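Report on the following structure.
Letters A, B, ... are given to chains in the order of the sequence lines, protein chains preceding strands, and every chain is numbered from 1. Everything numeric here is computed off the predicted structure, so don't read it as measured data. All heavy atoms count here, side chains included; hydrogens, waters and symmetry mates do not.
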Amino acid sequence: MAVVELLLSPLPAHVRTARLVAVAAARRAGLDDELVDELRLAVGEACSRAVGLHGRHAPDSPVRLTVADDPNGLTLSVGDVGPAAGPVPDDAGEGLLAGPDVGGGLDELADPDVALAVLHGLVDELTVRSEPGGTVITMRWPLGTGAVGARATIVAQR
Amino acid sequence: MAVVELLLSPLPAHVRTARLVAVAAARRAGLDDELVDELRLAVGEACSRAVGLHGRHAPDSPVRLTVADDPNGLTLSVGDVGPAAGPVPDDAGEGLLAGPDVGGGLDELADPDVALAVLHGLVDELTVRSEPGGTVITMRWPLGTGAVGARATIVAQR
Amino acid sequence: LSTRSEDGPGGPRTVVVVGGEIDVYTAPKLREQLIDLVSSGQYHLVVDMEGVEFLDSTGLGVLVGGLKRVRAHEGSLRLVCTQERILKIFRITGLTKVFPIHTSVEEAVAASD
Amino acid sequence: LSTRSEDGPGGPRTVVVVGGEIDVYTAPKLREQLIDLVSSGQYHLVVDMEGVEFLDSTGLGVLVGGLKRVRAHEGSLRLVCTQERILKIFRITGLTKVFPIHTSVEEAVAASD
Ligand SMILES: Nc1ncnc2c1ncn2[C@@H]1O[C@H](COP(=O)(O)OP(=O)(O)O)[C@@H](O)[C@H]1O
Ligand SMILES: Nc1ncnc2c1ncn2[C@@H]1O[C@H](COP(=O)(O)OP(=O)(O)O)[C@@H](O)[C@H]1O
């Protein structure tokens, strides 16, 4: 199984690095373009959320992204050391509208609950596991029949 | 200091991921285009070398790339768990020409000494430290006066 | 990011053309720019998102912040977006109900409540 | 990667057009293709590298391997490359002394030792 693990000091710029790595892995694995877009957004949300939480609670700890691919799918997980993830609002937009008032501080820029709500709306195979030490968000995208077929062909050639 | 650490299972495809991450960091840090090209090649050589060595000696251990940037420069290091780096041939091309004969196996594809020789020819600030556990290649690129000036301006605005 | 003024039937509109990736890295800039516009008395904004390549919830947060600010002055914030990828995140978050979304700048400038 | 035949004063030449990134990931493919050409009796190769975006020592190793193979049959391997970025790695490794490097396919096809 091919695995890439990325440890990022919690800075906004590093969220771009995380997206870049995840998208490159997804393209290489043969994920459909539409799912690559979905994955780009999902990884961005999960990492922005973690970077925001670390910035407030653990500026010296890295955010961890793992990308693992097996013949059937691509599994990404993002781990943070922040407080447990709260309940998911039904409607992420409500979270934003309910957020800090006009003039509110930086929090407006990275609401961890809204990110989580977007992930729930976006990703079919999503697990959010909160433990005392932090939260791990795991997302999985299956590799379609096309990709599996290509692999089968290669195996047959050997 | 902004730090990105990348742990890669030793596969050729992951060398591309390493280049991608290093180049993104270098662009963000404002490294000149010509130096970005140099860095892309250097990171590729160091990681190809490490991936090749791991493939032979430690297929289950990840190759480690660290990218750290401070206001004065960008420091990249690549760590492997292979045998100590040999002496550097004066002329990397000789290493290739002296390599396995026609029909030689995969070794022709990733000669660790040639990679090292290219690094010596390419990177001004290079350290190769071989220890019992493996080799760490450290490379540094200074951020030019332009970038330093820009930073000074920002500081002055505060 | 560029800004221009256009006259609509409801009065002058400030068209803000946004491009690139609007994420946790660039959103603070966009936020500042929207705050500057409102501070300088421009309460009717049309944000042209056709050049946006990526938008995440941080970017949405900034747009919502802008909407709250213009509303505090009886203003409006209309979006121009036809890109499916970008519209998707407005739908997921239920923000299609909050923002008027138009298919062209002309349409947005011509609109009034 | 595409291959075509051209007639030169020294006889037929096989022009191999290589593109993209030639690194540890793609070099094995290029290696196989060069082996196939030599196996099928094509000993005079012109490798057009103008479309190459990236080349590392693994790619160089494959070109050197190709050179050894054609030489075993009294053949030749000429490169076409004008990109400074790519030429640099040939210089660093001293391979400019080993490969004839030309500025156009025409020049390479017309050349003979
Ligand atoms: N308001 C914005 N919305 C979207 N993208 C932006 C915005 N402002 C800047 N960017 C993007 O951020 C990137 C980095 O911007 P930078 O060069 O630092 O901007 P500037 O010169 O405007 O300060 C640019 O590629 C630009 O496209
Ligand atoms: N011989 C080669 N030299 C340089 N690049 C190559 C070569 N073969 C393939 N590539 C590059 O590798 C990438 C992946 O190739 P792939 O789509 O698997 O190739 P193919 O369809 O030719 O088997 C392509 O973008 C292509 O540009």
Inset, instruction - Answer yes or no: are there more than 12 heavy-atom neighbours, outside Glu74(C) itself, under 6.0 Å from its atom CD? - result: no
Less than 3.5 Å apart, any donor N or O on the side chain of [X] or [Y] sitting next to an acceptor on the other?
{"X": "Ser61(A)", "Y": "His54(A)", "answer": "no"}
{"X": "Arg91(C)", "Y": "Thr96(C)", "answer": "no"}
{"X": "Thr138(A)", "Y": "Thr127(A)", "answer": "no"}

Inset, instruction - Inspect the contact between Glu38(A) and Arg40(A) and indicate whether a charged nitrogen and a carboxylate oxygen are less than 4.0 angstrom apart. - result: no
Inset, instruction - Verify, without hydrogens or angle tests, whether Glu45(A) (side chain) and Ser57(C) (backbone) share a donor-acceptor contact under 3.5 angstrom. - result: yes
Legend entry - Residues of residues 48-56 of chain C with any heavy atom under 4.5 Å of a heavy atom in chain A: Phe54(C), Leu55(C), Asp56(C)
